[in-house]
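A quick write-up on the structure given underneath.
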Amino acid sequence: MLEIKGLRANIGENEILKGVDLTVRKGEVHAIMGPNGSGKSTLAQVIAGHPAYEITAGSVTYDGQDLLEMEPEERAQAGIFLAFQYPVEIPGVTNAYFLRSAYNAIRKARGEDEVDPLEFLDVMEEKMKLVDMDPAMLNRSVNAGFSGGEKKRNEIVQLAVLNPRLAILDETDSGLDIDALRIVADGVNKLRGPEKSAIVVTHYQRLLNYIVPDYVHVLAGGRFVRSGGKELAVELEEHGYDWIQSHAPETAGAGSRA
Amino acid sequence: MTQPETAVAHYLEAFDGIDGGEADRIRELRRAGMDRFVALGFPTMKNEDWHYTSVAPIATRSFDRTSFPSTVPSTDLDPFLFDSPEWPRLVFVDGWLAPELSNVPPRAGIDVSNLRPSLVDGSVDAALLGTIADHDTVGFTALNTALMQDGAVIRIGANVELETPIHLVFVSAQPVPLAASFPRNLVVLERGARASVIESYFGLRDESYLTVPVTEISLGEGARLEHVKVQNESAVAFHVGTIEAVQQRGSELHSFSYAAGAELSRTNVYTVLNGPGSSCTLNGMYMVSGVQHVDHQTRIVHAQPNTTSREIYKGILDGRSHGVFNGKVYVRPEAQKTDGKQSNNNLLLSDHARVDTKPQLEIFADDVKCTHGATVGRLDEVALFYMKSRGLDAEQARTLLIYAFAADVLETIPVKPVRDALEAAVFARVRGEELQLTSE
Amino acid sequence: MSTAIESLVNREYQYGFVTDVEADTIPRGLNEDIVRAIAAKKNEPEWMVEWRLKAYRRWLTMTEPHWSNVSYPAIDYQDMIYYSAPKSVKPLASLDEVDPELLRTYEKLGISLTEQKMLAGVAVDAIFDSVSVGTTFKEELGKQGIIFCSFGEAIQNHPDLVQKYLGTVVPHSDNFFAALNAAVFSDGSFCYVPKGVKCPMELSTYFRINAADTGQFERTLIIADEGASVSYLEGCTAPKRSGNQLHAAVVELVALDNASIKYSTVQNWYAGDAEGVGGIYNFVTKRGKCVGVNSKISWTQVETGSAITWKYPSVILQGDNSTGEFYSVAVVNNRQQADTGTKMIHIGKNTKSTIISKGISAGRGNNSYRGQVKVMPRATGARNYTQCDSMLIGNECGAHTFPYIEVQNDSAIVEHEASTSKIGEDQIFYCKQRGLNAEHAISIIVSGFCKEVFQNLPMEFAVEAQQLLGISLEGSVG
């Protein structure tokens with residue numbers, strides 16, 4: 001579904017990604033872990049098409065298409081969803097209106113009919129239950145005045161409504177207490193399926209107790225230094241990132257096609 | 001001839017009477033200033049920069065440019081020295097250096113002298129004179145340029161850090177009414193230099209006089225200047241002063257303007273953030289009563305990218321006083337990533353006090369974050385009631401609230417003895433006591 | 001991102017067509033004979049002619065103001081036509097007699113003058129060049145004693161009311177353009193809502209400039225008597241022409257005790273082309289007077305058109321406890337210039353005012369907010385809150401804020417807040433990641449930015465305004 005080869009990316013003069021390889025097949029959940037500043041969030045943003053990053057080498061294909069040639073909205077319409085680490089506030093625009101606009105834009109791109117506000121309300125209400133979100137939030141401005149936890153849950157509501165094929169969760173666990181974490185993870189798990197894949201970017205292992213990955217990759221200094229099964233996350237939790245870096249195999253990213 | 005025309009003619013006469021013997025460049029500079037002043041005349045309230053301030057009390061009188069300093073016993077200065085007699089100090093009486101009251105110990109990398117000799121020999125120190133302050137469009141700066149008598153020239157060499165503030169003292173002490181002085185200062189900080197400069201203005205006699213100072217400031221790359229102006233002129237005096245700075249890359253200007261004296265005063269603080277990453281903090285406090293009129297105009301020009309400005313001016317107005325604030329922030333097209341914040345808060349203590357405030361943003365770049373705000377109000381009744389309910393009497397509660405209003409801007413005064421003294425002065429004045437300038 | 005914004009522009013101005021009707025115009029230029037000729041066309045009584053002449057003579061002594069932050073070539077007041085009317089407009093017995101060509105014009109503009117087709121609940125007075133071509137729902141309003149008609153009719157049929165209130169808010173000598181308007185105004189709307197009557201429908205005037213080289217000088221007077229209330233909306237369009245045309249209107253609002261007037265404007269005069277050729281100079285004087293206690297006047301404006309906009313809808317808060325409001329969205333793109341804002345003059349006790357201004361600058365447009373809040377010595381307990389936000393799209397535009405705050409009473413509380421920011425790149429990326437294209441993303445972000453103002457527009461027009469905003473921003477360069 002997603003194939004990344006030799007990806008290098010800069011922001012300004014700084015090279016953040018220094019050759020990343022990753023293959024994600026249908027139905028798989030990949031966890032990407034790593035210390036602060038390792039490039040985890042950059043990778044997530046690059047897949048989504050953030051304009052601040054310059055791609056200097058490598059390729060990203062998605063269902064055989066050259067993803068790097070696509071605008072961010074084309075990627076979204078093709079089924080890629082990024083749950084932002086720092087969800088953006090849009091004052092004055094209600095969640096309901098924003099999400100319906102997005103929902104219809106994606107439907108339209110797929111040649112489906114747009115839905116009217118009433119139909120959409122039904123869709124929304126069902127999805128909001130998934131993450132235990134108060135329906136009153138529909139009439140609040142997008143993320144404006146939301147607490148950190150509310151913003152993260154709002155991302156998952158959007159994920160549920162837009163129903164992507166590839167979901168990327170960028171540090172969705174940061175800033176969540178344990179109850180909120182469970183709610184968010186439950187929401188994500190309900191959306192898993194044989195046709196759907198996910199990339200879970202996280203600093204800590206605890207989210208992976210709830211969203212169990214098929215593969216775990218460790219990113220450090222802009223490349224994968226270790227890949228393995230879910231047990232790798234546990235090892236990391238026990239020994240810390242220093243351990244993994246000092247035991248890094250020479251062939252970075254070698255295990256990523258496991 | 002109208003009265004203002006008479007006054008202009010009077011200054012032209014004073015200009016013609018200035019002794020020869022000055023360097024050619026200075027004579028040309030004076031001439032240019034005089035020509036512009038004659039062309040501009042005194043500003044009227046139709047001039048947007050003087051919309052709320054009438055200079056009629058100045059324009060309808062003919063002040064005499066002093067030609068010598070009065071005699072002032074050194075003890076008369078003591079209350080104004082911030083309990084810091086050890087600071088390097090230049091004292092100007094009626095616009096002229098008083099060497100017997102001044103003391104500047106020599107130090108390597110630092111050059112503090114008076115302007116007068118440079119005017120005569122046209123030395124390098126004066127090369128920047130007249131290139132920073134705008135005498136083309138600002139009438140009072142033109143007048144100062146034409147009639148300047150003396151002032152301080154401060155040059156801090158590259159990477160020299162001066163721990164002790166330099167104190168410039170401007171005393172008016174003429175025993176006759178209608179004396180005028182035109183101090184002119186030049187402060188140059190070379191690359192990486194650091195210094196604090198304090199300018200104090202006050203009068204020793206209750207005569208009507210006029211002070212029109214101009215201070216030009218040049219900050220080299222990475223230089224940092226703390227500048228405090230304390231205006232405590234006599235109650236019947238007039239004061240129109242300008243501080244104008246140009247800042248290079250990474251330099252910092254911390255300016256504080258305190259105005260409590262004079263019947264009519266105007267202080268202009270202008271800076272151009274002319275190098276990437278330069279920043280300024282322009283703060284100030286005015287506190288007036290009776291029929292005093294106090295006006296501040298500030299102008300910050302963001303001319304280069306990544307420049308930052310912060311500005312807080314606070315005013316406390318009692319009696320029939322009139323406070324004016326006009327703060328301009330310009331963001332030029334090149335000045336992307338500008339970050340500017342400005343606020344002006346005014347507290348009215350009397351039914352008859354008046355405030356006119358005009359914070360102003362003019363933005364020509366798109367990637368900027370600029371905010372400004374202004375408030376006018378009186379003491380919070382709820383807070384007063386709350387304090388009274390906790391046992392404070394009305395006067396204590398009032399004093400505390402006024403002081404609290406002023407405290408957060410006074411705290412930003414970068415030189416501690418000055419901060420302490422001005423806090424004490426504000427506190428005393430809030431309590432209705434005589435103005436005291438020493439810190440107790 | 002900038003290319004995305006770039007590509008967002010350049011839908012054509014869709015109201016730029018010209019209607020081919022035979023017009024009755026008077027000769028170019030301005031003198032006392034022209035002023036008399038305009039009055040004669042309208043068969044005005046002597047008192048009206050005198051008032052016009054007084055204004056004209058005063059105007060001769062005045063000079064055009066140039067303190068605003070706009071620039072334009074000198075206007076030749078002698079090279080302008082001061083009166084143009086479709087020939088067919090003579091006394092009409094009913095709307096059925098309106099020239100079908102004119103009716104079609106208004107249909108094209110989305111304004112139907114045939115009552116059966118009207119949007120329910122909106123009465124319209126349509127002004128075509130210098131005269132009113134028809135007013136709808138007259139009869140129904142009349143049943144409640146509400147007078148809603150053209151200014152010309154009001155002079156003929158309600159001279160007492162006109163004489164009592166004309167010039168009481170904006171005197172004939174107020175300013176250069178107001179004096180010019182007083183001398184040559186040709187028509188406009190008049191509305192009187194009697195004591196205790198809540199006007200049951202939105203009243204609306206639709207202004208259309210059609211003829212070339214003409215100035216449009218309409219005058220609107222709205223009076224809400226004690227306890228009355230009315231909501232009024234004006235819309236404006238003009239054909240695309242390469243010359244500039246002057247629109248110098250005057251609006252006077254009078255609110256007596258406990259009365260309220262809500263006045264909304266959606267201004268979409270032709271703005272000129274991308275290079276700044278052509279477009280309307282919109283120099284108008286709008287002012288309301290809260291004469292009575294507890295009265296309220298609220299201005300809402302969405303200004304997207306005109307080459308130059310120069311207007312400050314103001315409120316004189318004379319009655320105790322009266323309230324003034326100003327909600328504004330001003331958009332400039334290409335070479336447009338806007339210098340707009342308000343004045344709130346607090347005279348009575350416990351008077352309150354609120355100012356919310358949203359300025360959007362794109363292309364090479366320059367947008368200035370200029371507002372005055374004045375608290376007079378006897379205005380004990382006055383309150384003002386001003387919020388003034390600017391959004392910049394692209395790096396060749398400008399946003400300027402000039403608040404004038406003048407306080408002479410110590411019990412006043414006046415607050416002003418302003419911010420300027422560029423449209424957030426992060427916001428656009430977030431929207432795009434959710435599947436929206438750049439154009440859609442910007443339109444969503446901008447309408448969110450303007451929400452507090454749109455909320456104050458009557459429902460039907462809020463939608464229109466939002467669409468208009470989408471159009472105005474097209475082609476804004478990045």
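Just so we're clear, the structure is a prediction, and the values are computed from it rather than from any experiment.
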Just give me the residue among [options] that pairs up with chain C most often, heavy atom to heavy atom, under 4.5 Å.
{"options": "A:A105, A:A102, A:P87", "answer": "A:A102"}
{"options": "A:Q77, A:Q158, A:E74, A:R75", "answer": "A:Q158"}
{"options": "A:N104, A:I106, A:I80, A:V88", "answer": "A:V88"}

For [X], which atoms come within 4.5 Å of any heavy atom of chain C: side chain, backbone, both, or neither?
{"X": "A:L162", "result": "side chain"}
{"X": "A:L99", "result": "neither"}
{"X": "A:P164", "result": "neither"}

Any donor-acceptor N/O pair, C:N456 side chain to C:T300 backbone, under 3.5 Å:
no
Between the main-chain N or O of C:N282 and the side-chain N or O of C:W310, is there a donor-acceptor pair closer than 3.5 Å?
no
Between [X] and [Y], is there a side-chain N and carboxylate O pair less than 4.0 Å apart?
{"X": "C:R383", "Y": "C:E415", "result": "no"}
{"X": "A:E3", "Y": "A:R25", "result": "no"}
{"X": "C:E452", "Y": "C:K358", "result": "yes"}
{"X": "A:K151", "Y": "A:E89", "result": "yes"}

What part of C:F449 gets within 4.5 angstrom of chain A, counting heavy atoms only: side chain, backbone, both, or neither?
backbone
